Amino acid sequence: MKKSEIHFSIALDEQRVPEAISWTATDAGNDIHFAKAINISLWDRNDSGTMKIDLWTKDMPVDEMKYFYIDTIGAMAQSIETATNDKLMAEKMRSLCQELMQHVEEQQKRNAAQNPQ
């Protein structure tokens, strides 16, 4: 059986807030990759429930965080359609992504109008 590993390394400041997130994977070459945020969900087979890890660095802007979660929901929509062929559920998730994108874009326009440069 082939084995593949993913390793995350989190650099914390004095208050234990992430300053840097890096990762390596046996199937991604020898390079060290860097991220501003990670969102990991695991289905625990013993408890039949979700375990989550959500981390982001201090330099992750709020708008990028919102896009990160919208992208995550979009990726989950594709995954659920591929895994279960539930097209309705996937379409509802994609629709939510479109609504959230409109919300974020409207917020950005309001912020730009309130804070012209």
Side-chain angles (χ1 to χ4, degrees):
M1 176 189 324
K2 183 179 184 321
K3 183 177 177 182
S4 183
E5 295 183 1
I6 301 171
H7 297 273
F8 290 97
S9 179
I10 315 299
L12 305 172
D13 69 9
E14 306 80 38
Q15 287 80 38
R16 300 179 48 88
V17 174
E19 287 189 328
I21 300 170
S22 61
W23 64 275
T24 59
T26 54
D27 290 346
N30 294 327
D31 293 342
I32 297 173
H33 305 273
F34 293 90
K36 288 184 182 179
I38 60 173
N39 173 301
I40 302 170
S41 297
L42 306 165
W43 185 259
D44 186 281
R45 77 163 118 181
N46 294 329
D47 293 338
S48 293
T50 303
M51 299 173 64
K52 293 184 51 40
I53 300 170
D54 294 302
L55 295 172
W56 53 91
T57 59
K58 302 184 211 191
D59 67 339
M60 179 77 166
V62 170
D63 286 346
E64 284 186 22
M65 179 63 77
K66 291 177 182 183
Y67 287 127
F68 173 61
Y69 278 100
I70 293 168
D71 287 348
T72 299
I73 294 168
M76 290 186 325
Q78 183 59 51
S79 294
I80 197 72
E81 186 173 359
T82 301
T84 68
N85 202 32
D86 190 332
K87 295 181 187 321
L88 177 64
M89 186 171 179
E91 188 49 44
K92 287 181 179 270
M93 293 171 78
R94 288 185 187 106
S95 179
L96 174 61
C97 289
Q98 290 173 344
E99 289 179 44
L100 293 172
M101 281 298 293
Q102 288 175 338
H103 168 70
V104 171
E105 289 168 359
E106 289 170 6
Q107 276 189 325
Q108 289 174 337
K109 287 178 187 173
R110 281 194 303 273
N111 290 344
Q114 292 172 354
N115 303 310
Q117 292 181 4

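Throughout, numbering of the chain's residues begins at 1 and tracks the sequence. Just so it is clear, the values below take in all heavy atoms, side chains as well, and ignore hydrogens, waters and symmetry mates. A quick note: this is a predicted structure, and the numbers were derived from the prediction, not measured.
A heavy-atom distance below 4.5 Å is not found between the side chains of Ser9 and Ile21. Inter-residue side-chain proximity for Leu100 and Lys66 is flagged as unmet; no heavy-atom pair is nearer than 4.5 Å. Annotation: side chain of Gln78 is in contact with side chain of Arg94 (closest heavy-atom distance under 4.5 Å). Side chains of Gln15 and Lys58 form no contact here, defined as non-hydrogen atoms less than 4.5 Å apart.
Ile38 and Phe68 fall into different hydrophobic clusters, where Ile, Leu, Val, Met, Phe, Trp and Tyr side chains are chained together by heavy-atom contacts under 4.5 Å. Hydrophobic cluster membership differs between Val17 and Met65, with clusters built from Ile, Leu, Val, Met, Phe, Trp and Tyr side chains linked at under 4.5 angstrom. Both Leu55 and Ile6 sit in one connected hydrophobic cluster of ILVMFWY residues. Membership requires side-chain heavy atoms under 4.5 Å apart, directly or through other members. Note: the hydrophobic cluster containing Leu42 also contains Ile10 (ILVMFWY, side chain heavy atoms under 4.5 Å, direct or indirect links). Residues Met60 and Phe34 do not share a hydrophobic cluster, clusters being chains of Ile/Leu/Val/Met/Phe/Trp/Tyr side chains in contact below 4.5 Å.
For residues 39-50, every residue pair satisfying the side-chain hydrogen bond (donor to acceptor under 3.5 Å, both in side chains) rule, not counting sequence neighbours, is listed here: Asn39-Asp54.
Heavy-atom minimum distance, Cys97 versus Ile73: SG-CG2, 3.5 Å. Contact record, Ala90 with Ala77: CB-O, 3.4 Å, taken as the closest heavy-atom pair. Residues Asp13 and Glu19 share a closest heavy-atom pair of CB-OE2, 3.4 Å.
Asn85 and Lys87 form a side-chain donor-acceptor contact under 3.5 Å, judged by distance and modelled atom types alone.
Between the side chain of Thr26 and the backbone N or O of Glu5 there is at least one donor-acceptor pair closer than 3.5 Å. Listed for the Ser79 side chain is a donor-acceptor partner under 3.5 Å among the backbone atoms of Ala75.
To the nearest 0.5 Å, the span separating NE2 on His103 from CD on Glu105 amounts to 11.0 Å. Put simply, CD on Glu64 and CG on Asp71 are 11.0 Å apart, with the number rounded to the nearest 0.5 Å. Here the straight-line distance linking atom CE of Met93 with atom CD1 of Ile80 works out to 7.0 Å at 0.5 Å rounding.
Annotation for Lys52: atom NZ counts as buried by contact number, over 12 foreign heavy atoms lying within 6.0 Å. Residue Lys2 qualifies as enclosed at atom NZ: its count of foreign heavy atoms under 6.0 Å is above 12. Counting heavy atoms of neighbouring residues, nucleotides and ligands inside a 6.0 Å radius, atom CG of Leu96 exceeds 12 of them. For NZ of Lys92, the number of neighbouring non-hydrogen atoms (other residues, nucleotides, ligands) closer than 6.0 Å is 12 at most.
Judged as a ring pair (Phe, Tyr, Trp, His ring centres under 6.0 Å), and not counting sequence neighbours, the contacts of His33 are Trp23.
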**OP:** Just do the side chain to side chain contact (heavy atoms under 4.5 Å, CB included) check on Glu81 and Glu91 with the steps written out, would you?
**Re:** CA-CA 9 Å; Glu81 186 173 359; Glu91 188 49 44; over 6 Å; no
